[in-house]
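All figures in this text were calculated on a predicted structure; none of them were measured in a lab. Below, read A as the first sequence line, B as the second, and so on, with proteins coming before strands; counting in each chain starts at 1. The figures here come from the full heavy-atom set of this structure, side chains too, leaving out hydrogens, waters and symmetry mates.
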Amino acid sequence: MSSSNHQQQFRYTQTPSKVLHFRNLPWECSDEELADICSPFGKVMNTKCNVGANRNQAFVEFADLNQAISMVSYYASSSEPAQVRGKTVYIQYSNRHEIVNSKGPGDVPGNVLLVTIEGVEAGDVSIDVIHLVFSAFGFVHKIATFEKTAGFQALIQYTDAETAASARNALDGRSIPRYLLPENVGSCNLRISYSAHRDLNIKFQSNRSRDYTNPMLPVNQTAIDIALQPVGPDGKRKEPESNVLLALVENMQYAVTVDVLHTVFSAFGTVQKIAIFEKNGQTQALIQYPDVTVATAAKEALEGHCIYDGGYCKLHLTYSRHTDLNVKAFSDKSRDYTVLDPSLRATQVPAWQNTQAAPVYPGLQGQMPSWDTNQQEVTQNYLSAPSSFPPGHAVPGYSPAAVPPASASPHAHMHPNSFSGTSTPGMQPYYG
DNA sequence: AGCACA
């Protein structure tokens, strides 16, 4: 019966309790900070921090009811509010009379985190991505991953509980950045608690477990394919290389067209095909090169750079799992330069009416600056150019208005780099 | 800025 429930909701009518409820606490307020402001009023028997959805509430249990009353009374009449780290905290009697320490094992702080990666299968998030994400907070000693009914989980071992806590506080409830995930994965929230483990027993370096303190550990058979993959300078294992790049475009303030991408990516070699699509509300593109080497050069030169000055249209590049795109030869969202001569666009000739590009456009040769079919010099210039990229300015001077006509080169598929090297003299922003 | 967890 509700009439028998005399628990009061509001401060002036609450019945006193030796348990006090604190709210509006600063982020990650510690038991020590709580005890600091409570101990002048009595003996603190128990505390519970990081309560509530925002983890900014807490409970403190005094030894005696009068001690709790004295604290509430003091701040009720004080001109200075109770503060922690300069932040005003609000104190009232809890509607319970003791702190029930129902700390599950996952709430006992330790140096090993138990991470549940929601919404993914084990294969979707590599141990290297996990390592990359969690290394942001300190040296990761060991990682073990496994699949349980709860889903894909990982144990992350840090040096100490403080480092583990900082990682937990920063990442719990958040998602792994999308550009670190495969194309087919949406958001994947991290649920992080503490493991009771102190020291993980990693027997092998494998696709499921790593011991970063012991690089000499034998490699498990199941991890051989992974071990054969190249390792980047940061020690992060790369995804399988491909001649096709997946580009995620961040902060897309300007339209990123097929032509823009073609111009940007042609600096590193012949672009065979481009496809632009939307995924999870973000613009993505696939760029196909003839071989992995060129794709790698483009990836390394362009990763993290912006198509436009001012941080606009920042590129995040990964290798696609595709090797040969099946795209419409000419649409606003895709282009196949191996099938279709781009000059057809300028001359308004549909692709399917022309199967012999070169002989049809002899006149265009004359429009081009002095270049012929032996464009070694141009090719070399642009292949060597990415090393001189100014950091943070993938395409300095690039402006949306300066998008080159895709029609400029009728031979893009025959002569590597001829497009970007010759078609747009006012548009050579890459290397100054 | 408003009450935990099993």
Trainee: Restricting to salt bridge (charged side-chain N to carboxylate O under 4.0 Å, His left out), what partner residues turn up for A:Arg198, sequence neighbours left out?
Mentor: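 For A:Arg198 there are no salt bridge (charged side-chain N to carboxylate O under 4.0 Å, His left out) partners, ignoring immediate neighbours.
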
Trainee: When you get a sec, tell me which of B:dC3, B:dA1, B:dA4 is the closest nucleotide to the side chain of A:Arg23?
Mentor: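 Nearest nucleotide to the side chain: B:dA1.
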
Trainee: Checking contacts here: which listed nucleotide (B:dA1, B:dG2, B:dA4) is nearest the side-chain heavy atoms of A:Lys48?
Mentor: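 My answer, after comparing the listed nucleotides, is B:dA4.
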
Trainee: Can you tell me how far C1' of B:dC3 sits from CG of A:Leu25, to the nearest Å?
Mentor: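 Between C1' of B:dC3 and CG of A:Leu25: 12 Å.
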
Trainee: Given atom NZ of A:Lys18 and atom P of B:dC3, what is their separation to the nearest angstrom?
Mentor: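 Taking atom P of B:dC3 as the reference, NZ of A:Lys18 is at 21 Å.
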
Trainee: Can you tell me how far P of B:dA4 sits from OH of A:Tyr93, to the nearest Å?
Mentor: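 Atom OH in A:Tyr93 sits about 20 Å away from atom P in B:dA4.
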
Trainee: Holding to ring pair (Phe, Tyr, Trp, His ring centres under 6.0 Å), I want the full list of residues that pass it with A:Phe152, two or more places apart in sequence or in another chain.
Mentor: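 Once residues adjacent in sequence are excluded, A:Phe152 has no partner under the ring pair (Phe, Tyr, Trp, His ring centres under 6.0 Å) criterion.
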
Trainee: Not counting sequence neighbours, which residues clear ring pair (Phe, Tyr, Trp, His ring centres under 6.0 Å) with A:Phe139? List them please.
Mentor: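 Counting only residues at least two positions away or on another chain, A:Phe139 forms a ring pair (Phe, Tyr, Trp, His ring centres under 6.0 Å) with A:His141.
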
Trainee: Which pairs count as ring-ring contact (aromatic ring centres under 6.0 Å, His included) when at least one residue sits in residues 154-200 of chain A, sequence neighbours excluded?
Mentor: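 Pairs touching residues 154-200 of chain A that pass the test: A:Tyr179-A:His316.
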
Trainee: Using heavy atoms to find the nearest nucleotide of DNA chain B for A:Asn24 and A:Glu98 separately, return the residue whose nucleotide is more 5′.
Mentor: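 In this pair, the answer is A:Asn24.
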
Trainee: If you look only at distance, which donor and acceptor atoms sit under 3.5 Å apart when one is on a side chain in residues 286-294 of chain A and the other is two or more places apart or in another chain?
Mentor:
{"residue": "A:Gln288", "atom": "OE1", "partner": "A:Leu325", "partner atom": "N", "Å": "2.6"}
{"residue": "A:Gln288", "atom": "NE2", "partner": "A:Gln272", "partner atom": "OE1", "Å": "3.2"}
{"residue": "A:Gln288", "atom": "NE2", "partner": "A:Asp324", "partner atom": "OD1", "Å": "2.9"}
{"residue": "A:Tyr289", "atom": "OH", "partner": "A:Phe265", "partner atom": "O", "Å": "2.5"}
{"residue": "A:Asp291", "atom": "OD1", "partner": "A:Thr293", "partner atom": "N", "Å": "3.0"}
{"residue": "A:Asp291", "atom": "OD1", "partner": "A:Val294", "partner atom": "N", "Å": "2.9"}

Trainee: Please pick, from B:dC3, B:dA4, B:dA1, the nucleotide with the shortest atom-to-atom distance to any side-chain atom of A:Arg96.
Mentor: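 When the side chain of A:Arg96 is considered, B:dA4 is the closest of B:dC3, B:dA4, B:dA1.
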
Trainee: Salt bridge or not for A:Lys203 and A:Asp211, using N-O below 4.0 Å?
Mentor: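 No salt bridge links A:Lys203 with A:Asp211.
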
Trainee: Among the nucleotides B:dC3, B:dA1, B:dA4, which one has an atom lying closest to any side-chain atom of A:Gln14?
Mentor: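 Nucleotide nearest to A:Gln14's side chain: B:dC3.
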
Trainee: Without decimals, in angstroms, what is the distance between A:Leu20 CG and B:dA4 P?
Mentor: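 Going from CG in A:Leu20 over to P in B:dA4 covers 16 Å.
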
Trainee: Please give, in whole Å, the distance from B:dA1 P to A:Gln92 CD?
Mentor: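 After rounding, the reported distance stands at 14 Å.
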
Trainee: Of the residues in residues 51-59 of chain A, which ones touch DNA chain B at a heavy-atom distance under 4.0 Å?
Mentor: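 Contacting residues: A:Val51, A:Gln57, A:Phe59.
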
Trainee: Rounding to an integer number of Å, can you tell me how far A:Asn95 CG sits from B:dC5 P?
Mentor: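 For the pair A:Asn95 CG and B:dC5 P, the rounded distance is 14 Å.
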
Trainee: Are the side chain of A:Ser331 and the backbone of A:Lys333 linked by a donor-acceptor contact shorter than 3.5 Å?
Mentor: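 A pair under 3.5 Å: yes.
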
